[in-house]
Amino acid sequence: MIKALVFDMDDTLYDQRTPFAQALQAVTNEPITPADTLDELFDTFQLTTSQITDDHQLPTLGKLLNPILTGHGLPIISSSNWDHFWELYQTKLQNISLFGEIEGYLSSLKDVYELGIITNGSAEQQSKKSASVGSSSLV
């Protein structure tokens, strides 16, 4: 008998691409279109940030993302603007919301099952995201 349901936080309960796209657009002053361009940038971003252990490694983002931006005719982000991008991205992550009807589903499910979140992100960052989406639906 199933007693509990556990959900991954990132891109399961909320859209991680939106804060990324918003921060990127803010520093490039260009909308990131088409969707496959955003997907390519975001996939590279996720792969890179999973290996970044401190802010001193942020210029690595530029080395990997700027060629993609250039390849799609978008302006590159100067090395001095990567810090600004990162700050914007972190701020936007504090204002995320659950996908569409998920909150209603979670409210219904919590009456029947124990609910929880698992994640491979840093505890500090994921706690902030959890608070932002109102994780009370899960506990």
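This is a predicted model, so every value here is computed, not measured.
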**Prompt:** In terms of hydrophobic clustering (I, L, V, M, F, W, Y; side-chain heavy atoms under 4.5 Å; direct or indirect links), are I117 and I2 co-clustered?
**Reply:** yes

**Prompt:** In terms of the angle between their ring planes, are F85 and F45 parallel, tilted or perpendicular, with boundaries placed at 30° and 60°?
**Reply:** perpendicular

**Request:** Measure the spacing between CG of L93 and CD of Q16 and express it to the nearest 0.5 Å.
**Result:** 7.0 Å

**Joint hydrophobic cluster, V112 plus Y105, side-chain heavy atoms closer than 4.5 Å** = no

**From CG (N81) to CD (E87), nearest 0.5 Å** = 10.5 Å

**Request:** Any chance you could lay out the side-chain contact (heavy atoms from CB on, under 4.5 Å) test for F7 and I102, step after step, and finish with the verdict?
**Result:** CA-CA 11 Å; F7 299 89; I102 289 209; over 6 Å; no

**Asked** For the residue pair L13 and D8, what are the closest heavy atoms and their distance?
**Response** CG-O, 3.6 Å

**Asked** Nearest 0.5 Å, what's the CG-CG distance between L24 and L65?
**Response** 7.5 Å

**Item:** In one Ile/Leu/Val/Met/Phe/Trp/Tyr side-chain cluster, 4.5 Å: L64, F42
**Value:** no

**Fill in**
Taken to the nearest 0.5 Å, the spacing of Q25 CD from L74 CG works out to 10.5 Å

**Complete:** For W82 and I77, the nearest pair of non-hydrogen atoms, with its separation, is NE1-O, 3.2 Å

**Item:** Distance-minimising heavy-atom pair for L88 and A23
**Value:** CB-CB, 3.9 Å

**Request:** With side-chain contact (heavy atoms from CB on, under 4.5 Å) as the test, would you mind laying out the steps for I96 and T18 before giving the verdict?
**Result:** CA-CA 9 Å; I96 57 176; T18 298; over 6 Å; no

**Request:** With side-chain contact (heavy atoms from CB on, under 4.5 Å) as the test, would you mind laying out the steps for D39 and R17 before giving the verdict?
**Result:** CA-CA 8 Å; D39 290 345; R17 280 179 172 78; 3.1 Å; yes

**Prompt:** Which residue pairs satisfy the salt bridge (charged side-chain N to carboxylate O under 4.0 Å, His left out) criterion with at least one member in residues 67-81, sequence neighbours excluded?
**Reply:** none

**Message:** To the nearest 0.5 Å, what is the distance between CG on D36 and CG on D43?
**Reply:** 11.0 Å

**Prompt:** Quick one: does P75's side chain get under 4.5 Å of L69's, heavy atoms only?
**Reply:** no

**hydrophobic_cluster_shared for I76 and V27, side chain cutoff 4.5 Å** = no

**Request:** Drop me the distance from E103's CD to L98's CG, to the nearest 0.5 angstrom.
**Result:** 5.5 Å

**Aromatic ring pairing W86/Y89, orientation class (parallel under 30°, perpendicular over 60°, tilted between)** = tilted

**Request:** Establish whether V6 and Y14 are linked, either directly or via other cluster members, by ILVMFWY side-chain heavy-atom contacts under 4.5 Å.
**Result:** no

